[in-house]
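Structure first, commentary second.
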Amino acid sequence: MAQEAQADVVLIVAPIGADAANIHAVLQRARLEPKICRTTPELEAGMAGECGAILLTEEALTGELRLVLARFFASQPAWSDIPVVLIASAGVPNSGSTVAAKLRGSRRTITLLERPLRAVTLVTTLDTLLAARHRQYEIRDLLNERDALLSSLETRVAERTAELQRMVEEMEAFSYSVSHDLRSPLRSLAGYAEALQEDYADTLPEEARAYCERIVRAARRMDNLTQDVLAYTRVTQCEMEITAVELDSLVQEVVEQYPALVSSADSIRIHQPLGCVKGHVPSLIQCFSNLLGNAVKFVAEGVTPHVEVRSTVEKTRRRIWVKDNGVGIAPADQARIFRMFERAAGRKVPGTGIGLAIVKKAVERMGGAVGVNSTPGCGAEFWIELESASPPCTSVAQARNLASFWAGSPAGPVPLTAAL
Amino acid sequence: MISRQSVLVVEDDEDDFFLTERVLRRCTTGPIFHVENGRAAVDYLAGEGTYADRAQFPMPDVVLLDLKMDQMNGHEVLATLRVAPPTPLPRIFVLTGSNEPRDRELVKSSGVAAGYVVKPLSVAHLASIFENPSG
């Protein structure tokens with residue numbers, strides 16, 4: 001950054017006799033930069049052009065000059081305190097010393113020199129004052145640097161914010177287009193394959209019908225994948241409005257409304273009250289539908305699923321447990337399954353390997369944690385832990401509201417793993 | 001149970017229309033009308049332009065409205081119908097491939113739609129849609 005001028009000019013206002021010329025000569029000999037101001041406009045011009053110090057004789061201090069000085073001092077920036085040297089006659093309580101006394105309270109740098117004046121006194125005084133004035137210039141430059149830095153920081157923050165905003169919008173536009181465009185051909189694939197099976201059931205050989213079935217299954221798997229990836233980006237990107245959420249009705253809604261759970265609703269036992277947590281309603285619905293969906297899905301063949309949901313409190317945190325009687329998870333797999341596309345189950349059980357990653361991401365964004373306790377063959381107990389909240393909780397009505405609106409569609413609110 | 005209600009399908013995708021119509025044929029003996037964009041849907045429901053002849057283009061009992069279309073999308077259709085609702089107002093169901101919360105909320109807040117169905121349309125969806133002709 002360019003440094004501003006470091007003006008050392010000493011303005012001299014000395015209206016009587018040869019004072020001004022003498023002082024000027026002394027200062028010049030000392031290699032200072034004196035400038036005589038004979039009129040008020042000249043002084044004002046000198047001050048406006050920046051100066052290192054002002055030297056006045058007491059005779060100069062007319063009412064008008066005092067006004068000009070006062071106005072000038074008031075207009076100075078905070079860092080600037082132009083040194084003023086006042087030359088007065090010794091011994092007599094005159095106007096000069098009176099003014100000097102008055103100026104003492106004004107927090108300005110006033111130096112009073114008395115006549116008879118020695119050249120060396122004047123020069124060393126001015127040297128000292130100009131050195132002090134240089135310190136002021138240094139402060140000025142530092143302040144300027146700081147301001148420049150701050151404003152460039154602000155610009156950078158604004159640029160970053162705009163860039164992030166644009167990225168989020170792009171991401172949303174991408175999700176939206178994935179939702180609409182990528183899924184559309186999958187729907188057609190499955191739709192036509194089903195139409196073939198149904199409309200040509202009599203003429204299609206058994207093997208052809210089986211191929212159709214495979215087409216439908218593959219398209220459905222692909223659709224589940226795109227939907228889960230979308231759900232994952234949603235919990236990663238969306239703004240999460242955290243409110244106090246009452247879990248009894250929320251979990252009940254999930255069990256009653258989600259098609260994947262409806263057929264197993266009888267096997268899910270909720271130990272009420274589950275209490276309240278601080279969370280984001282849509283994300284919590286997503287988490288519980290994923291956890292409960294897993295709980296009823298991963299059972300050994302011929303075993304009726306049995307799921308229990310309960311809640312415990314420790315200090316300010318609430319932990320909700322989802323316990324199943326499924327196949328369980330080996331210790332080596334327990335951390336892995338929360339990662340994207342990681343699955344403990346074999347290929348035989350349908351799934352995308354994203355469900356638990358969604359749960360983990362969503363819970364972490366709500367300020368919580370997830371985990372699992374399991375012994376292979378003896379079921380698994382998943383838990384999510386969130387900040388506990390106290391009633392009243394308002395968000396349950398929102399969930400209800402949503403559910404009633406979808407009542408017109410027999411599938412209820414379509415879960416993120418909607419069947420094709 | 002087979003219904004006798006008439007349906008207007010607003011759908012720009014040929015395959016989606018084929019599959020939707022196929023399911024509709026199983027569930028209703030009523031006539032099925034088809035327009036390919038939102039603009040045409042608004043004209044049809046207002047009985048304007050090409051669709052001025054109500055004998056040829058009668059007011060349907062049910063409208064299945066796609067969201068993503070060129071020349072006026074489904075959201076714009078709902079907004080238009082909200083300002084100038086045709087009489088009698090058919091029951092309008094959004095039938096879309098979108099499962100986006102944003103779309104659901106927009107549709108819901110329009111106050112015009114009776115429901116929101118994510119494609120593909122199923123016999124079970126239609127059983128519910130045709131269940132209550134007065135609602």
Side-chain angles (χ1 to χ4, degrees), chain A residues 172-196 198-199 216 219-220 223-224 226-228 230-231 233-235 238-239 259 280-283 285-286 398 401-420, chain B residues 11-23 25-27 62-64 66-70 73-75 91-132 135:
Chain A
E172 276 173 7
F174 173 74
S175 302
Y176 197 74
S177 127
V178 167
S179 178
H180 275 103
D181 300 343
L182 277 191
R183 299 187 53 220
S184 169
L186 289 172
R187 229 172 25 237
S188 297
L189 268 179
Y192 281 106
E194 271 172 350
L196 262 181
E198 287 167 10
D199 296 358
V216 172
R220 196 170 288 162
D223 191 55
N224 287 342
T226 51
Q227 297 237 45
D228 278 0
L230 277 177
T233 56
R234 205 175 290 137
V235 299
C238 76
E239 256 176 56
H280 174 237
V281 174
S283 297
I285 290 175
Q286 178 82 65
Q398 282 173 274
N401 206 0
L402 195 71
S404 70
F405 180 62
W406 312 122
S409 118
V414 181
L416 286 140
T417 48
L420 269 161
Chain B
E11 174 62 74
D12 64 343
D13 186 290
E14 213 184 308
D15 294 326
D16 276 356
F17 176 70
F18 174 86
L19 296 167
T20 296
E21 189 191 24
R22 199 174 152 270
V23 179
R25 289 281 178 227
R26 288 198 223 160
C27 299
V62 168
V63 176
L64 297 179
D66 189 21
L67 284 184
K68 201 187 180 197
M69 294 177 290
D70 294 334
N73 64 37
H75 291 303
R91 280 170 305 125
I92 299 165
F93 293 84
V94 163
L95 174 61
T96 174
S98 166
N99 196 17
E100 289 285 306
R102 186 173 43 175
D103 278 328
R104 293 177 179 228
E105 278 156 30
L106 266 173
V107 167
K108 192 181 179 188
S109 66
S110 78
V112 184
Y116 186 105
V117 179
V118 176
K119 288 174 188 173
L121 186 68
S122 69
V123 172
H125 285 133
L126 284 175
S128 165
I129 287 171
F130 290 140
E131 194 175 51
N132 181 15

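Reckoned from all heavy atoms, side chains included, excluding hydrogens, waters and symmetry mates. Lettering follows sequence order; numbering is per chain, from 1.
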Item to check | Stepwise side chain to side chain contact (heavy atoms under 4.5 Å, CB included) check, B:L19 with A:E194 | outcome: CA-CA 10 Å; B:L19 296 167; A:E194 271 172 350; over 6 Å; no
Checklist entry - For A:D199, what residues pass the salt bridge (charged side-chain N to carboxylate O under 4.0 Å, His left out) criterion, not counting sequence neighbours? => result B:R22
Checklist outcome for this item: B:D13 and A:S184 have their tightest heavy-atom pair at OD2-OG, 3.7 Å
Checklist entry - Who passes salt bridge (charged side-chain N to carboxylate O under 4.0 Å, His left out) against B:D16, sequence neighbours left out? => result A:R187, B:K119
Checklist entry - What's the shortest heavy-atom distance between B:D15 and A:Y192, and which atoms? => result OD1-OH, 2.7 Å
